[in-house]
Each structure stands twice: as C-alpha cells, then as structure tokens.
Amino acid sequence: MKNLPTDLLRTFVTINQLGGFTQAGEVLGRSQPAVSLQVKRLEELLGVKLFDRGQGLQLTEEGQMLMSCARKMLELNDALVSRLGSPQVSGAVRLGIPNDFEVSFLATTLGRFSQSYPNVTLDVSSDISANLLHDYKKGAYDLVMAIEESNQPHPRLTNFILDPLVWVRSSNLMLEPGAPLPLILYPKGCLYRKSIINALTQANLPWRIVYSTSSLLGIHAAIKAGLGISVLAKSTVPDDLEHSPEYAPCPALGSVSVGFCYNGNELNAASRMLLDYLRNALHRL
C-alpha cells in the first residue's frame, strides 16, 4: 500500500488554490522547479495526471477526486498537529473580522482553533473593514482580518490574498431593461458599496438602493428573496446563490485584498498562534 506524503498533497492543493506553480512556491517557500518536481512525484505515486496543462492548469478528473480527499486529509493532519504538537497556550485575543467571513470562513476556522487551544479566550467582533481598521488604531483589537482595495502602493494589510469580486443574485431575479439596477448593499464605508457605485456611475448605468444592512445574513436573505443584486468576495458566496465576475449590464469589478493588520511586537503568544492559524486557513481558500 502506497503512502501519500502530506507535503506533496499540500503543494497540490496550494497550486490549485493560487492558480500557479510560482504563486504556490512563494507561499510554501519553495522554488518553482521544486514545486514542479513535487507534483511530478505525486503523479508518479498515483499513476495519473493531476493537471491538464493545456487548459490553464485545470484539474483532470483524477485531480478533482484527489483534491476533495486531500483537503480533508490536510485538515485532519493540521488539527492533530495543532492539538498534540503545539505548546499549551493560554491568554485572551481580541479579534476583528469582516462581516462576510463570519459565516463562510471564520466560524469553522475559529471553532477548530478553540478545540485545539481550549485555554485561549477569544473576544471576536465583526464589522465592515473600514470600522475594524479604525477601531484597531484606537486599540480596540489585538488582531484584525480586513479587506482593502488591491494594488495599493502602501497596503495596510499583510499576508493577504486576492479575492475576486462577483455579482451575486438569486436565480429567480428578473431585471427590467433600462430600469435602475436594484442594489443590496452594506452601509456607507463598505468597500464593496464604494466599488459598486463607482463602477455603475462610470458605466453610466442607473441604480437605486433597495436594501442596506450590516448583517451578512440580511444581505443573503435579501438576495434570495429576489429584491436585487449585490457584490461579494467570491470565497464568501454561499452555494445556493448565483455569481459571476460580470453580469449584463454590470461591469467587472476586479479583486480585493483580504489579509491582516497587527503589530507583531505587541502580540502575545495566544495572538501569534491565532494569527498563524488564520493565515494558513486564508491561504487554503
């Protein structure tokens, strides 16, 4: 019986997540040739091709099967290592997270962290990123996960990923030709709201706000009810909602950076452990 090394599986999953061998190497601390050799070794162990290189690194049918299993295997591996291999850490962490990620990402991730580090007390608040970053400067948080515009000359966030913005709507939504676009938005200050309004204004498309709320579940409910359309980061969209980078007549909106804001010199042991945990989870999206 063959054994699949977890380092090969982690490389395989990271390539698929980031869309390239070079990008995966940067995250994993390996050169592009070393990443290629790891994929070759994994393919030789299994006797199958995992990527269709003629189709922009699309997964083959065997690759898709392995991807599903590899994610689960790595989650079990990481949970076990965290639980048994890490030092006992205690303390409190004040964490701020964007509204979008409290359901799709952090609820599960924080649950696993709490199980691995039961002596760490988490004080978690969710809000739009502008408020989180403002309150962080005032000392309200030890660590903030936030969203900002991509390609900033002086980014405030570190360890970030790029997450495409997509138009989100219900399958039963019917838009009247020429009528103002019905928008479902977060309150003023939200980066998504700013991106939507700027893009539609530049495209000379009429719009109106039909629903505004700071609640992610409220945004989801309004979309499912067919009240209008909205924009979210792709990784946060639930499976039962339709989404795409472009949606006629709406223009593409590009990507946002999702990362962290903190002062490494002021983090306690518990905060550092949580940061590592969240950072690894973010790069597995």
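The analysis underlying the following values was restricted to heavy atoms, covering all of them including side chains, and did not include hydrogens, waters or symmetry mates.
Between Arg94 and Asp123 there is no salt bridge, since none of the side-chain N atoms of the basic residue sits less than 4.0 Å from a carboxylate O of the acidic one. Contact check on Lys49 versus Glu62 returns no salt bridge, with no Lys/Arg side-chain nitrogen under 4.0 Å from an Asp/Glu carboxylate oxygen.
Between Phe21 atom CZ and Thr14 atom OG1 the span is 11.5 Å, to the nearest 0.5 Å. With values rounded to the nearest 0.5 angstrom, Tyr192 atom OH is found 15.5 Å from Leu183 atom CG.
Listed by first then second residue, pairs satisfying salt bridge (charged side-chain N to carboxylate O under 4.0 Å, His left out) with a partner in residues 246-258 number zero, not counting sequence neighbours.
Side chains of Asp52 and Thr60: no donor on one and acceptor on the other come within 3.5 Å. Checked by atom type, the side-chain pair Ser126/Glu102 shows a donor-acceptor distance below 3.5 Å. If you check the side chains of Thr11 and Gln38, you find a donor sitting under 3.5 Å from an acceptor. Of the N and O atoms on the side chains of Gln64 and Ser68, not one donor lies less than 3.5 Å from an acceptor on the other residue. Side-chain N/O atoms of Asn268 and Ser271 include a donor and acceptor closer than 3.5 Å. A donor atom on one side chain and an acceptor atom on the other are found under 3.5 Å apart for Ser244 and Arg169.
No donor-acceptor pair under 3.5 Å is formed between the side chain of Gln23 and the backbone N or O of Ile15. Ser129 places a side-chain N or O within 3.5 Å of a backbone atom of Ile147 that can act as its donor or acceptor partner.
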* For Asp276 and Arg279, run salt bridge (charged side-chain N to carboxylate O under 4.0 Å, His left out): C-alpha distance rounded to whole Å, both residues' side-chain angles, the deciding distance at 0.1 Å, then the answer. => CA-CA 5 Å; Asp276 287 341; Arg279 187 164 46 200; 2.3 Å; yes
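Arg193 has its side chain within reach of Ser212: a pair of non-hydrogen atoms, C-beta onward, lies under 4.5 Å apart.
The two residues Leu282 and Gly259 have their closest heavy-atom pair at CD2-CA, 4.2 Å. Annotation for Pro251 and Leu205: closest pair CD-CD1, 4.1 Å, computed over non-hydrogen atoms. Nearest heavy atom pair, residue Tyr141 against residue Tyr136, reads O-CD1, 3.5 Å. Contact between Ile219 and Ser230 at its shortest, heavy atoms only, is CG2-OG, 4.2 Å. In this structure, Asp163 and Ala233 approach most closely via the heavy-atom pair OD2-CB, 3.3 Å. Smallest separation of non-hydrogen atoms from Asp142 and Tyr262: O-CB, 4.0 Å.
Between Tyr117 and Tyr277, the ring planes lie perpendicular to each other; the angle is over 60°, past the 30° to 60° tilted range.
The side-chain contact (heavy atoms from CB on, under 4.5 Å) test with Tyr186 singles out one residue from Leu191, Leu216, Thr213, and that residue is Leu216.
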